[in-house]
K.L.:
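Dropping the structure in here first, questions after.
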Amino acid sequence: MITIFEKIDSNNINMDLIEKAAGILRKGGLVAFPTETVYGLGADGLNASACKKIYEAKGRPSDNPLILHIGNISQLKDIVCDIPECAVKIIDRFWPGPVTLVFRKKSIVPDSVSGGLNTVAVRFPSNPVARAIINAAKTPVAAPSANTSGKPSPTRAKHVLHDMDGKIDMIIDGGSCEVGLESTIVDVTGKKPVILRPGGITKEMLEEVVGAIDIDPAVYKALSAGEKPKAPGMKYTHYSPDAEVFLVKGEKSNVAEKINQLVKQDMENGLKTGVMCLNSNAGLYKADMVVGVGKNMRQAGKALFDILRDFDENKVNKVYSEVFEETGEGMAVMNRLKKAAGYKLIEA
Ligand code: AMP
Ligand code: MG
């Protein structure tokens, strides 16, 4: 398959291109497009065979359900049974935007979207290109991250091209993604809302509108064997570059000393090394690549996946990262980093 690659200006949207992309979706094809979180790999979310192609292109396990993306709020009632009170509050405050809600699904939603669950995850993205495509397709669009399953999510069109060239019909390049991490997922089917995956909309921001929220234990730690996750995607290793990633925890000066010592050993063994740290700490490290993730966790979220893919492009073998505070946007950053590292933690 030849993958069409087209650039689009989100401030001056070329509607011919949008129509072309929507036409491919309506015919059951796959189109990758930018959203404010990461690039999505879109298919007609009510067409089971189109959704099956997403699983094939990504190499995604079939029990890991997809998020349906809508282009306007009125589409929601077509796919969910009911909209609980807390969902209304979250929608009023944060939609369109980077938060996904899990509802009880209507039967029109195919099992291949919901992974056989009786619930469906729905998001209304704010990115104008994403919304234009969904509205032109006139159907909810299933759109998981447009990467090979298990690899870091794509925050630039070149990442999508790297993973999906020849496997999908079209890639729309709308520049780099604003948030850079996947949406926050909140299950609103129970008595109390539960965060299944942290993202750019933080626990603190959500609690301001709905009060106390629970966090699924799988957000912080690896599941033990046989433990069943609430968000099926949680059980898989994720976001991993080819390089082996380690988290190093402790006092700032101890961490720097430990990482420099590990890097020295690796270099003696002929390995290429990388370090990820706060910008302000970059001067403390010696390695082949020392990369500042940003000044704060919002910047780190935007840069994280891009940095992980950069290490691979530069053939880095081992990456050591500082551990960041798990509050605000740091919760999502640390959740992705721990998974990228396969939960390998070194105490300094
Ligand atoms: P992504 O492939 O990056 O878009 O991730 C989608 C995430 O949403 C995965 O972790 C899924 O497990 C989760 N998800 C999708 N649908 C549901 C659902 N009905 N209930 C719980 N989690 C879901
Ligand atoms: Mg993904």
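Counting starts at 1 for both ligands and their atoms, in listed order. Sequence positions, counted from 1, serve as the residue numbers for this chain.
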K.L.:
In terms of side-chain heavy atoms, does Glu182 have a donor or acceptor partner in Ser145 at a distance below 3.5 Å?
P.N.:
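No - no donor-acceptor pair under 3.5 Å links their side chains.
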K.L.:
List every atom of ligand 1 that sits less than 4.0 Å from any heavy atom of Leu117, numbering the atoms from 1 in the order shown and giving each element.
P.N.:
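Answer for ligand 1: 18 (C), 19 (N), 20 (N).
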K.L.:
Check whether Ile2 and Val160 end up in the same hydrophobic cluster, where Ile, Leu, Val, Met, Phe, Trp and Tyr are linked by side-chain heavy atoms less than 4.5 Å apart.
P.N.:
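In one cluster: no.
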K.L.:
Of Asp266, Asn260, Thr273, which meets side-chain hydrogen bond (donor to acceptor under 3.5 Å, both in side chains) against Tyr320?
P.N.:
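Only one option passes, and that is Asp266.
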K.L.:
Looking only at non-hydrogen atoms, find the nearest pair between Ser114 and Lys105 and report the distance.
P.N.:
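So the minimum-distance heavy-atom pair works out to OG-CE, 3.5 Å.
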K.L.:
Verify the cluster assignment for Leu41 and Met1: are they in a single hydrophobic cluster under the rule of side-chain heavy atoms below 4.5 Å apart?
P.N.:
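Looking at the clustering, Met1 is in a separate group from Leu41.
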K.L.:
Heavy-atom count around Lys272 NZ within 6.0 Å, excluding the residue itself: above 12?
P.N.:
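Result for NZ/Lys272: enclosed.
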K.L.:
Give the numbers and elements of all ligand 1 atoms closer than 4.0 Å to a heavy atom of Ile67.
P.N.:
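Once the distances to Ile67 are compared, the set is 4 (O), 6 (C), 8 (O).
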K.L.:
Give the single entry among Pro65, Pro144, Pro61 that approaches atom 17 (C) of ligand 1 most closely by any heavy atom.
P.N.:
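Going through Pro65, Pro144, Pro61 one by one, Pro65 has the nearest heavy atom to atom 17 (C) of ligand 1.
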K.L.:
For Arg60 and ligand 1, answer yes if some heavy atom of the residue is under 4.0 Å from a ligand atom, otherwise no.
P.N.:
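The answer is yes, since Arg60 has a heavy atom less than 4.0 Å from ligand 1.
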K.L.:
Can Ser145 be said to touch ligand 1, with heavy atoms closer than 4.0 Å?
P.N.:
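True for this residue.
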K.L.:
Would you mind listing which atoms of ligand 1 come within a distance below 4.0 Å of any non-hydrogen atom of Leu66?
P.N.:
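Listed by number with element: 15 (C), 16 (N).
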K.L.:
Is it true that the side chains of His162 and Asn147 contain a donor and an acceptor less than 3.5 Å apart?
P.N.:
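Asn147 and His162 do not have a side-chain donor-acceptor pair below 3.5 Å.
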K.L.:
Answer yes or no: is there a donor N or O on one side and an acceptor on the other, between the side chain of Arg26 and the main chain of Thr139, under 3.5 Å?
P.N.:
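No, because the side chain of Arg26 does not come within donor-acceptor range (under 3.5 Å) of the backbone of Thr139.
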K.L.:
Which atoms from ligand 1 have a heavy atom of Ile185 less than 4.0 Å away?
P.N.:
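Under 4.0 Å from Ile185, ligand 1 has these atoms: 7 (C), 8 (O), 13 (C).
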K.L.:
Which bit of Val38 is near ligand 1, meaning a heavy atom under 4.0 Å away: side chain, backbone, both or neither?
P.N.:
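For Val38, no heavy atom sits under 4.0 Å from ligand 1.
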K.L.:
Short of 2.8 Å from the Mg ion (ligand 2), name each protein N/O/S atom, waters not counted.
P.N.:
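Listed by chain and number, the atoms are Ser145 OG.
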K.L.:
Decide, yes or no, whether a salt bridge links Arg123 with Glu36 under the criterion of side-chain N to carboxylate O below 4.0 Å.
P.N.:
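So Arg123 pairs with Glu36 through a salt bridge.
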K.L.:
Counting each atom of ligand 1 from 1 as listed, which ones have a heavy atom of Ala121 under 4.0 Å away?
P.N.:
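Listed by number with element: 15 (C), 16 (N), 17 (C), 19 (N).
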K.L.:
So, regarding Thr119 and ligand 1 (criterion: nitrogen or oxygen to nitrogen or oxygen, under 3.5 Å), is there a contact or not?
P.N.:
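Yes; the residue has a nitrogen or oxygen that sits under 3.5 Å from a nitrogen or oxygen of the ligand.
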K.L.:
Please list all pairs passing the salt bridge (charged side-chain N to carboxylate O under 4.0 Å, His left out) test where one or both residues lie in residues 247-256, with sequence neighbours left out.
P.N.:
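Qualifying pairs: none.
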K.L.:
Quick one: look at Val120 and ligand 1, take heavy-atom pairs under 4.0 Å, and tell me if it's side chain, backbone, both or neither.
P.N.:
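Looking at Val120 and ligand 1, just backbone atoms fall under 4.0 Å.
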K.L.:
Are a donor atom and an acceptor atom from the side chains of Thr155 and Asp306 found within less than 3.5 Å of each other?
P.N.:
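No - no donor-acceptor pair under 3.5 Å links their side chains.
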